[in-house]
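Please read all numbers here as calculations on a predicted model, not as lab measurements.
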Amino acid sequence: HAAGRRHGGRRTQRLGRVSTPVRLLSGADAPDLRQLLATDPASYAMVSERISLIGVGSGLGAEVWGWLPEGRLVSALYLGANVVPIAAGDQAIADFAARARQIPRRCSSIVGPSAAVLAFYEQVRAVWGDARDVRPHQPMLLIAHPPAVPAHPDVRAATMDDLDALFPASVAMFTEELGISPLAADGGAAYRRRVASLIGQGRAFVLMDQGEVVFKAEVGVVSQDVAQIQGVWVHPGHRGQHLSEPGMAAVVDLTRRRFAPTVTLYVNDYNHAALATYHRVGFEQVGEFATVLF
């Protein structure tokens, strides 16, 4: 049982034998949390979207821990299917990890700014277990202007009529990117619902050729000013045909027009072809992410 107390001007929370300025945030903390997220809109877009849609509290389906060394919110940790450290320096990470080691891992990944993600993982690893994969260097790229190459005229928003073609393309992308199949748990029912939801929100973009998806991308996150692209994929039979650059240019145009003026994505540093494509389209690196996959 945790009990709050004051000591030396700090509000602390006693967790077993550990006193720490970490506490669970509630709806009353939402304005301060939004200000913290706004310090780096590109990095924290996923959390910003969730908080703006649902708020902070039981309805979120995730916990948000705050680090308040002087009673003021300085850092946070989002704990849902993904764990995301927010504006977390070394001491905040140490305090978050001390608390996290008292509970079993429930997330499938830790993702966010590289230094914080890797430090947190190393400090919880003994309890949470070894990762299946660690991707320590993922450039965070951003574009806030028209693309530098012409857009492919046939890239469009997917419709529900495209679901049967888009679903296997999405499964192929997921399996290539994450090394596991989204079909394993339930035969793909939940993942198909996810693809259908993206179509329904106008967030899935496709280039079709004779009923087959040859290029696709989705807008995975939309916060107030930032839209984050995910799931970029070119059909193996069409790779090397220079579809990705005009395809991405079209996705940037459509996303900036429909969702947000700033478009971001992050990519593995070893994916040299993708990085070259994004730079030619006009993306610039603004940070570095890391992803820890369980």
Side-chain angles (χ1 to χ4, degrees), residues 1-103 105-107 109-124 128 140 221-226 228 260 262 264 286-290 292:
H1 179 69
R5 65 185 181 94
R6 281 197 177 275
H7 179 69
R10 305 201 321 171
R11 182 177 299 280
T12 64
Q13 192 167 35
R14 184 164 291 283
L15 300 164
R17 296 182 180 179
V18 179
S19 293
T20 168
V22 173
R23 68 168 171 84
L24 183 67
L25 299 185
S26 68
D29 300 299
D32 290 340
L33 179 58
R34 289 191 184 98
Q35 285 189 354
L36 192 63
L37 294 167
T39 62
D40 190 347
S43 293
Y44 307 132
M46 185 277 288
V47 179
S48 295
E49 179 185 45
R50 295 281 295 165
I51 299 304
S52 66
L53 290 173
I54 303 170
V56 182
S58 59
L60 185 60
E63 291 186 352
V64 185
W65 298 352
W67 189 69
L68 302 93
E70 301 293 340
R72 179 178 63 87
L73 184 64
V74 175
S75 305
L77 188 73
Y78 176 92
L79 298 102
N82 306 310
V83 166
V84 183
I86 300 161
D90 292 345
Q91 189 56 56
I93 288 294
D95 287 346
F96 285 140
R99 179 164 180 170
R101 287 194 297 270
Q102 300 180 37
I103 61 173
R105 176 182 62 82
R106 295 189 289 265
C107 66
S109 70
I110 308 167
V111 62
S114 181
V117 165
L118 298 176
F120 180 78
Y121 168 57
E122 286 304 322
Q123 294 179 51
V124 300
W128 282 22
M140 165 65 76
V221 172
V222 178
S223 64
Q224 184 174 359
D225 299 310
V226 176
Q228 189 173 95
T262 298
T264 68
V286 294
E288 183 175 73
F289 261 35
V292 175

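Scanning both residues, Ala38 and Pro41, for their nearest heavy atoms gives O-CD, 3.4 Å. A pairwise comparison of heavy atoms in Arg99 and Leu24 identifies NH1-N, 3.8 Å as the closest pair. Closest approach of Val221 to Glu49, counting heavy atoms only: CA-OE1, 3.7 Å. Looking at every heavy atom in both residues, Ser223 comes nearest to Ser48 through CB-CB, 3.9 Å. Between Trp128 and Ala100, the shortest heavy-atom contact is NE1-O, 3.1 Å. When every heavy atom of Leu36 is checked against every heavy atom of Ala87, the shortest pair comes out as CD1-CB, 3.8 Å.
Atom CG in Asn82 sits 10.0 Å away from atom CZ in Arg50 (nearest 0.5 Å). Rounded to the nearest 0.5 Å, atoms CD1 (Ile86) and CG (Leu33) are 6.0 Å apart. Summarising the geometry, atom CZ belonging to Phe120 is positioned 5.0 Å from atom CG belonging to Leu77; distances are rounded to the nearest 0.5 Å. Atom CD in Gln91 sits 6.0 Å away from atom CH2 in Trp67 (nearest 0.5 Å). Separation of atoms CE (Met140) and OG (Ser43) is listed at 5.0 Å; rounding is to 0.5 Å. One finds the CD1 atom of Ile93 at 10.0 Å from the CG atom of Asp95 (value rounded to the nearest 0.5 Å).
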Derivation and outcome, side chain to side chain contact (heavy atoms under 4.5 Å, CB included), residues Tyr44 and Thr39: CA-CA 9 Å; Tyr44 307 132; Thr39 62; 4.2 Å; yes

Side chain to side chain contact (heavy atoms under 4.5 Å, CB included) evaluation trace for Leu25 with Leu73: CA-CA 10 Å; Leu25 299 185; Leu73 184 64; 4.2 Å; yes

Candidate pair Asp29 and Arg23, rule side chain to side chain contact (heavy atoms under 4.5 Å, CB included), full reasoning: CA-CA 11 Å; Asp29 300 299; Arg23 68 168 171 84; 2.9 Å; yes

Criterion side chain to side chain contact (heavy atoms under 4.5 Å, CB included) on Leu60 and Ile51, from CA distance to verdict: CA-CA 8 Å; Leu60 185 60; Ile51 299 304; 3.8 Å; yes

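A donor-acceptor pair under 3.5 Å is absent between the side-chain atoms of Gln228 and the main chain of Thr264, judged by distance alone. Judged by distance alone, with hydrogens and angles left aside, the side-chain atoms of Trp65 form no donor-acceptor pair with the main-chain N or O of Ser75 at under 3.5 Å.
Within the 4.5 Å cutoff, the side chain of Cys107 has heavy atoms near those of the Val83 side chain.
No more than 12 heavy atoms of other residues, nucleotides or ligands sit less than 6.0 Å from atom CD of Gln224.
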